[in-house]
Each structure stands twice: as C-alpha cells, then as structure tokens.
Amino acid sequence: MNSKKPPIFILGTQRSGTTLLRLILNSHSKIAIPEEAEFLRPLLKYKYFKKPFYGESLKRIYNYLRNSPHFHLWNYDYSDFLENLKQQKEITLKELIESLYLSYAKHEGKIIWGDKTPSLFRKIKLLYQLFPEAKFIHIVRDGRDVFDSWRKMDPTKNNVAVVALEWQYKNYKIEKFLKYVPNSNKMRIRYEDLLMEPQEVLKKICFFLNINYESEILNFYKKSKYYIGSHHSELIFKPISPQNIYKWKKTLNSYEIKAFTFLAKRYLKIYNYEIECSKMCIKEICFLFRDLFIGIPLRMLQVVRANLLFNSALKGKKVKFKVGSKPASK
C-alpha cells in the first residue's frame with residue numbers, strides 16, 4: 001500500500017512546540033497527524049526492517065496494538081485496521097506503519113499522514129530508510145524555555161543540568177541523522193519564529209510540503225480538544241501568541257541560566273539563541289556537579305524502564321503505563 005503523498009515527520013525535543021505544529025498541520029484539509037506513537041518504539045528495530053511479520057509474531061503485534069493505551073489515545077475507530085491486520089498472513093514493517101497511519105488519515109478524510117513522536121528521535125535514519133520520500137520538519141526552541149516548560153508539566157524534570165544535557169543530546173542526534181536526508185526532504189524552523197510570524201513560517205512549510213497554504217490552519221485551537229488530551233499545556237487551546245517566548249529570562253534563576261548555558265552552549269549558538277557570558281562561581285559549579293551526579297542515573301533509569309515496559313507489552317505481558325488523558329469525543 002502506497003500513500004499518494006509523502007508522509008510528514010515532525011522532529012524535536014519534548015516541549016519544543018512539536019504538539020503545536022502538529023495541531024496546526026492537522027488542521028489542514030489534506031493532513032492527518034494523530035497523537036504520539038510511543039507504542040512503535042519496540043517495533044522500530046533493524047531486525048524487523050527486511051524480515052516480514054507472520055505467524056506468532058504477527059499475532060503478538062495484533063494483540064499488542066489492540067491493548068495499547070497509547071494507541072487508544074489516537075481517538076478514532078481503528079476496528080477496520082485491526083480486522084485487516086488480523087486477516088494478513090504476513091506484513092512488512094513499512095506496510096504495517098503505513099496502513100496504520102493511512103487508516104487514521106482515511107478516518108479524518110485526509111490523504112497525507114504524519115507523525116509527531118519526540119521519543120523516536122533515535123529512529124530517524126530507520127524511518128528515512130522505510131520512507132525515503134518522507135518530509136522531515138525539525139522544530140527547535142530555546143532550551144531554557146524548554147526546561148521551564150517541561151518542569152511545569154513534569155516535576156521530575158526540575159534538574160536543569162540533566163535537561164540541558166538532554167536537550168543538546170537530542171538535537172545533536174536529530175541533526176546527525178538528518179545528514180542522511182536530502183535537503184529537499186528536510187527543513188528546520190524555530191518555535192520563536194513560528195510564534196512571531198506564524199503566517200510567513202507556515203507558508204514556507206506548506207511550500208516545502210508541496211501543498212497549498214490554508215489560512216484556516218491558524219484556527220487550529222478551535223478543534224484542539226478533539227486531537228489532544230487536557231493534560232497538555234493550556235496554550236494549545238488558544239490562538240498563537242508571541243508572548244510565549246523567552247520566558248526563561250524571568251522564570252529561571254541565575255544558577256539555572258548559567259548552568260543551562262554552560263552545558264548546552266554549542267546548540268544554543270547553532271540555533272542563534274542569546275548567550276549570557278556570566279561565569280559560574282565555585283558554589284554554582286558544586287551545585288552543577290551535584291545535579292549531574294544525582295540526575296543522570298535517575299534519568300537513565302526512566303528511559304530504561306520505559307523501554308522495558310514497551311518490550312514487555314509487545315511480548316504479551318501485562319504492564320501498567322502512565323498515559324495522558326484522552327481527547328474529547330468528536
């Protein structure tokens with residue numbers, strides 16, 4: 001099964017505006033981008049790249065998707081997709097992913113499917129190999145605002161040193177993998193530019209995607225409740241506002257600003273963000289080492305635990321996931 005138009009992959013770290021961009025593009029008459037596909041994590045592996053699923057492995061995938069709380073957040077009638085999957089004798093990874101997203105797009109009356117799953121940042125090369133015609137949009141945001149936003153949504157992300165390293169590392173990995181993608185199939189935008197000049201930036205995106213610009217996409221917030229859970233930032237239920245940028249200047253304390261800038265200076269510069277040259281005192285350096293010593297093992301444990309949960313679920317084991325709220329009924 002081949003889609004008529006190239007799929008779209010929105011890339012970026014958490015709290016970088018990926019959800020906002022997803023909702024905007026999802027408001028276009030031709031584009032359908034569902035909730036995050038966290039459940040694809042255990043399937044996006046090179047061992048599944050060439051060898052099709054069949055027999056017991058295909059049955060496991062069917063049961064895995066049917067019982068996935070993350071898949072249920074897509075908030076559409078997926079019964080036809082599951083029934084079709086159940087009838088298959090074998091299916092490749094590409095066919096599985098494409099039929100999954102196309103079933104969602106068909107339900108929405110759209111012809112272009114897309115994905116917005118920040119946790120798949122390590123899988124960009126594989127996704128490109130599966131879909132060499134795909135369009136990749138990398139949205140970046142000042143990491144200090146990312147930190148401020150993330151800790152408000154998740155108290156476990158209150159360690160500025162760890163978030164700074166994670167923000168820089170993920171952007172490094174995204175940029176590294178995007179080197180495999182032709183320039184005609186990738187673009188980078190800044191969250192701040194999107195908020196300051198939304199129409200201009202969105203016209204460039206539509207040109208990149210080879211679709212007509214539709215002014216209605218700026219009214220995305222009127223339908224946000226049908227495509228996103230209430231656990232997300234309240235800002236995505238409101239019109240775009242330039243007031244939502246560079247909040248870190250008022251909300252981060254002196255140590256947090258210095259620590260983040262020190263650890264993530266390279267990519268702050270690459271993305272043309274303001275750099276403060278204030279030096280850290282001995283006390284602040286001690287705080288930095290403390291935060292790294294405590295925070296890195298805890299963050300690694302979170303990542304390992306999440307991967308184990310998804311792999312266990314794919315094997316048919318009962319696991320308890322923490323998922324967000326379901327969007328409103330349409």
Side-chain angles (χ1 to χ4, degrees), residues 5-6 8-33 110 112 114-116 118 134-150 152-153 167-168 170-171 174-175 178 181 183-224 227-228 232-252 260-261 264 266-276:
K5 292 281 187 177
I8 303 163
F9 290 99
I10 297 175
L11 313 174
T13 68
Q14 288 88 341
R15 315 308 306 165
S16 289
T18 56
T19 295
L20 173 64
L21 183 57
R22 173 216 154 198
L23 291 172
I24 292 173
L25 293 181
N26 190 60
S27 297
H28 194 281
S29 64
K30 293 184 178 180
I31 301 173
I33 306 178
K110 311 287 186 71
I112 303 174
D115 170 83
K116 191 283 295 187
K135 299 284 189 174
F136 294 85
I137 304 174
H138 181 199
I139 181 169
V140 299
R141 182 185 186 184
D142 190 311
R144 292 157 292 194
D145 273 337
V146 168
F147 166 64
D148 184 52
S149 176
W150 209 357
K152 290 176 182 176
M153 299 297 293
W167 178 81
Q168 176 147 289
K170 288 182 176 178
N171 279 304
I174 291 172
E175 299 287 0
L178 282 178
V181 180
N183 290 334
S184 59
N185 288 54
K186 63 184 177 184
M187 78 176 299
R188 181 202 296 160
I189 66 168
R190 299 200 325 166
Y191 173 82
E192 293 79 11
D193 296 334
L194 175 60
L195 267 57
M196 291 294 293
E197 300 178 309
Q199 190 174 66
E200 181 178 336
V201 172
L202 292 173
K203 283 183 177 180
K204 290 180 180 178
I205 292 176
C206 288
F207 179 80
F208 167 70
L209 297 176
N210 196 27
I211 57 175
N212 293 326
Y213 170 75
E214 297 175 353
S215 59
E216 184 60 26
I217 61 178
L218 288 172
N219 294 321
F220 69 93
Y221 61 93
K222 295 180 179 179
K223 296 182 179 179
S224 289
Y227 296 101
I228 202 75
H232 283 268
S233 170
E234 62 179 19
L235 297 177
I236 56 176
F237 301 99
K238 300 178 181 179
I240 290 177
S241 171
Q243 296 180 352
N244 296 320
I245 62 175
Y246 303 128
K247 292 183 175 180
W248 63 268
K249 295 183 179 182
K250 294 182 179 180
T251 57
L252 269 62
F260 198 104
T261 304
R266 180 185 175 191
Y267 275 84
L268 287 172
K269 284 185 176 180
I270 287 175
Y271 300 140
N272 296 316
Y273 290 120
E274 177 184 337
I275 301 292
E276 293 197 357

Are N212 and H28 close enough that a side-chain donor and a side-chain acceptor fall under 3.5 Å? no
Within the structure provided, determine whether Y191 and V146 are in side-chain contact (heavy-atom separation under 4.5 Å). no
Side-chain donor/acceptor of S224 to backbone N/O of I236, under 3.5 Å: yes
To the nearest 0.5 angstrom, please state how far the NZ atom of K116 sits from the CG atom of L25. 12.0 Å
For residues 237-247, run the donor-acceptor check on the side chains, cut-off 3.5 Å, and write out each pair with its distance to 0.1 Å, sequence neighbours left out.
from	atom 1	to	atom 2	distance (Å)
S241	OG	Q243	N	3.2
N244	OD1	K247	NZ	3.4

L194 vs L202, test: side chain to side chain contact (heavy atoms under 4.5 Å, CB included). Steps then yes/no. CA-CA 8 Å; L194 175 60; L202 292 173; 3.9 Å; yes
Write down the atom of A134, the atom of P6, and the distance for their closest heavy-atom approach. CA-CB, 4.3 Å
Give a yes or no on this: more than 12 heavy atoms of other residues, nucleotides or ligands lie within 6.0 Å of atom CE of M153. yes
Return the minimal non-hydrogen interatomic distance between P118 and G12, and the atom names on each side. CB-O, 3.4 Å
Kindly indicate whether the side chain of L195, heavy atoms from C-beta on, has any atom under 4.5 Å from the side chain of L20. yes
Heavy-atom check, side chain of L209 versus side chain of I31, under 4.5 Å: yes
Taking the side chain from K204 and the backbone from Q199, do they hold a donor-acceptor pair closer than 3.5 Å? no
As a test of understanding, state which of R144, Q14, R15 forms a side chain to side chain donor-acceptor pair (under 3.5 Å) with S149. R15
Under 30°, 30 to 60°, or over 60°: which ring-plane class applies to Y271 and Y273, parallel, tilted or perpendicular? perpendicular
Min side-chain heavy-atom separation L218-I24 under 4.5 Å: no
Roughly how far, to the nearest 0.5 Å, is the CG atom of L11 from the CZ atom of F136? 6.5 Å
Quick check for you: to the nearest 0.5 Å, what is the distance between I33 atom CD1 and I112 atom CD1? 9.5 Å
On the 0 to 90° scale, with breaks at 30° and 60°, tag the F147-F260 ring pair as parallel, tilted or perpendicular. tilted
Salt-bridge test for R188 and E175: reply yes if a basic N is under 4.0 Å from a carboxylate O, no otherwise. yes
N/O donor-acceptor pair under 3.5 Å between D115 side chain and F9 backbone: no
For the OG atom of S16 and the NE2 atom of H138, what is their distance to the nearest 0.5 Å? 7.0 Å
Please examine the side chains of F220 and I217, heavy atoms only from C-beta on, and report whether any two atoms are closer than 4.5 Å. no
Side-chain (Y213) to main-chain (K203) donor-acceptor, under 3.5 angstrom: no
Can you tell me how far the CG atom of L21 sits from the CD1 atom of I10, to the nearest 0.5 Å? 4.0 Å
How long is the span from the NZ atom in K269 to the OG1 atom in T261, to the nearest 0.5 Å? 11.0 Å
